[in-house]
2 protein chains.
Amino acid sequence: MATIYQVSEAAGVSLATVSRVMNGNAKVSERTRKKVEDAMASLGYQPNAIAQSLASNRTNSVGLLVSELHGSYFGDLMSTVEHVLKENGKHVIITAGHVDEEREHEAIEFLKSRRCDALILHAEAVSDDYLKKLVESKVPVVVINRKVDELDQNCFVVDNVKGGYLATKAAIDAGHTKIAYISGPLFKKDASDRLAGHKKALEEAGLTFDNKSLFEGDFHESTGQEGMQHLQATFPDFTALVCANDEMASGAMTAAREAGFDIPNQLSIVGFDNVLFSRYLYPKLTTINNPIHAMGEMAAYWVLEHVYDIKSPIPIEHLFVPEVVDRDTLGNL
Amino acid sequence: MATIYQVSEAAGVSLATVSRVMNGNAKVSERTRKKVEDAMASLGYQPNAIAQSLASNRTNSVGLLVSELHGSYFGDLMSTVEHVLKENGKHVIITAGHVDEEREHEAIEFLKSRRCDALILHAEAVSDDYLKKLVESKVPVVVINRKVDELDQNCFVVDNVKGGYLATKAAIDAGHTKIAYISGPLFKKDASDRLAGHKKALEEAGLTFDNKSLFEGDFHESTGQEGMQHLQATFPDFTALVCANDEMASGAMTAAREAGFDIPNQLSIVGFDNVLFSRYLYPKLTTINNPIHAMGEMAAYWVLEHVYDIKSPIPIEHLFVPEVVDRDTLGNL
DNA sequence: CTACTCAATGTAAGCGCTTACAAAATATTT
DNA sequence: AAATATTTTGTAAGCGCTTACATTGAGTAG
């Protein structure tokens, strides 16, 4: 592998000059630039990014932490972030935290040890304190889908309370009054926020929340099925079921179908997230749009602006509002 | 950020000694190890991976190229590879090539410039020649889902011909004789292989392949819908439809339903890949299992064994065989 | 023609580590 | 106790770049 030294020799110039034509910042005469470029081409020279980073203290790469590498939600997030960053010549290093405090911690330390210029974190397990310390330290950090007190400027979140509210409100507006709910794991802020929104909508409509109408799932498909089965026993004759995400809604639909329900005529179902496959389901799932795409984009723009001095093409916002995506699983009563 | 130098000072030892306790290879007396570790802890020392890499010529990270960062197929691949590599203390740097020759090329160059210890590539657009050159160069390379002549030892592939064959054979065994086919983009090897398998199964059953029974899609959902609509006109009254992947099968199901078909009673559908959401569909999709998980795992083990001298727990194999996943969309005639 | 600018290039000191080799400290043998 | 082997530690030379600063060489003004 050719080094900058060999290029400088072949071109008959100094190291510094080669470096200058590589980076295109300082001025170099046309003639020497040509010489250097020819030398590079003929040697098949490829700069060593590691050495560049060490010397310049810039890696041109930003770290992205997600909970999992699979799943539509994170797929969308990774895609979006990569897209806007790559468009601006920056690279993304992706790691997974698996919703486990230690592993998230490790993943973040890895990104730091890799000297990423900035971090974009979808961190669920690590503590608020840890995140605060991180922000106070040198690395620019942005947090997605989690609101940390005192870190408003670094957080990009969707209004989950409002989302939960909208989902249930949609069911109420369609005439439903006996509404069941399958939540996510309630120790997670987004899960509890969505449930809070659900309760708020009920209350506003003069309906009382019944503990028996609630099943706590884990955001995975299987607990949607379990939840549906469980609720049939504990809270019979509900006409609408609101689920805290699309995976669980899908599971619930399967269970409902197996139990002989016609969707949406006998049972309405509303999801949350509007992940890609929600429109492949049959019937197509009515759900709440989680603007993960917009958030990822915004986080990337924030980084460009704050770390690389590249102006964001859109104003930076921190709160995103969800909205109802009306499809085929919510019927009028 | 503390450096090794500060640690050595705080501990009252030399740089070399600190480096030794960090890497745990050479022997260090218990007493000095303790001193160094204390110094590290109190300084919150974190080694600079960039500097380590430059000095040692080892990055402990392997590059992974996928076509997209979203989608179940790549999600599975990334997850699997990351899992086994991380278990062995190695890191993964993921990039996307977007099935575009230039972007794939760039992505690979990025990984090389990042001095990855090895590359795992799901490269679709780049030429065979380029891959051969890559393998001949210093970087250890492994190719997933693509067979390159003379590179057998570096390729991990599924037998797509067999998969295509099995899909159609399943339909034939269920009594179907008029079978339509929606292929992937035929310039892609996997798409044409699957189609070849389809034709082989027809031939073997004494059925003749009719060009009108074929629609060339692009592996995305929408072309499944289009294909279904198109085929109804060009090749009416087919009773089974085989699709070259699950996304298109899903699209075809939607279109079929809109056209009033009952699946599987009036129309049978078979997919390919067995991606996660194929079992969320209604009816649950009968499909061909694409052992992407096994391939990713194997590729990772290959890297561990060949690059890091960590013995693979299972024998390295290069050819994977697909099999039918019998669910609810294939009916008997 | 000399003095002075300013652009183009070169020199050399790091960036934070690893690692061959040398030196010192300790253990073993006789 | 001296001689030797062995373990532990230190010294210093890089790894391939960037960049502050010094130098050179034109170009311009007087």
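Please read these numbers as outputs of a predicted model, since none were measured by experiment. Note that these values count all heavy atoms, side chains included, but never hydrogens, waters or copies made by symmetry.
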Review point. Contact class for B:N57 (heavy atom, under 4.0 Å): base, sugar-phosphate, or nothing?
Key: nothing
Check your understanding: When rounded to the nearest 0.5 angstrom, what is the spacing between CE in B:M295 and CG in B:N145?
Key -> 4.5 Å
Revision key, fill the gap. Computed from five pairs at either end and rounded to 10 degrees, the angle between the axes of the helix from C:dC1-D:dG30 to C:dT30-D:dA1 is 40°
Check your understanding: If you look at every strand shown and take non-hydrogen atoms under 4.0 Å, does B:S53 touch a base, only sugar-phosphate, or nothing?
Key -> nothing
Exercise for review: Using a strict 4.0 Å threshold on nitrogen-to-oxygen distance, state whether A:D38 and A:K34 make a salt bridge.
Suggested key: yes
**Study point:** Salt-bridge present (A:R146, A:E124; N to O < 4.0 Å)
**Key:** no
Check your understanding: How do A:T17 and A:M1 order along DNA chain D: which one's closest nucleotide is nearer the 5' end?
Key -> A:M1
Review point. Which nucleotide of DNA chain D is the first, and which the last, in the 5' to 3' direction, to come under 4.0 Å of a heavy atom belonging to chain A?
Key: D:dG16 to D:dT19
Review point. When all nucleic acid strands are considered with a 4.0 Å heavy-atom cut-off, which category describes B:V18: base, sugar-phosphate, or nothing?
Key: nothing
Review point. Has A:N57 got more than 12 heavy atoms of other residues, nucleotides or ligands less than 6.0 Å from its CG?
Key: no
Exercise for review: Have a look at A:N48 and say if it touches a base, only the backbone sugar-phosphate, or nothing, with a 4.0 Å heavy-atom cut-off.
Suggested key: sugar-phosphate
Review point. Just wondering, are more than 12 heavy atoms of other shown residues or ligands nearer than 6.0 Å to NE2 in A:H83?
Key: no
Revision key, fill the gap. Result for 5'-nearest mapping on DNA chain D, choosing between B:G12 and A:I4, is B:G12
Study note, to complete from the structure: Taking for A:V13 and for B:A2 the nucleotide of DNA chain C with the nearest heavy atom, the one nearer the 5' end belongs to A:V13
Check your understanding: With sugar-phosphate meaning primed atoms plus P, OP1 and OP2, does B:S19 contact a base, only sugar-phosphate, or nothing at under 4.0 Å between heavy atoms?
Key -> base
Check your understanding: In Å, rounded to the nearest 0.5 Å, how long is the span from CD of B:Q153 to NE2 of B:H306?
Key -> 7.5 Å
**Study point:** Within 6.0 Å of NZ in A:K189, more than 12 heavy atoms from elsewhere
**Key:** no
Point to revise | Residue A:E102 excluded, over 12 heavy atoms near CD under 6.0 Å | key: no
Practice item. Verify the ring-centre separation between B:H293 and B:Y73: is it less than 6.0 angstrom? Key: no
Check your understanding: Mapping B:Q46 and A:R33 to their closest nucleotides on DNA chain C, which lands nearer the 5' end?
Key -> A:R33
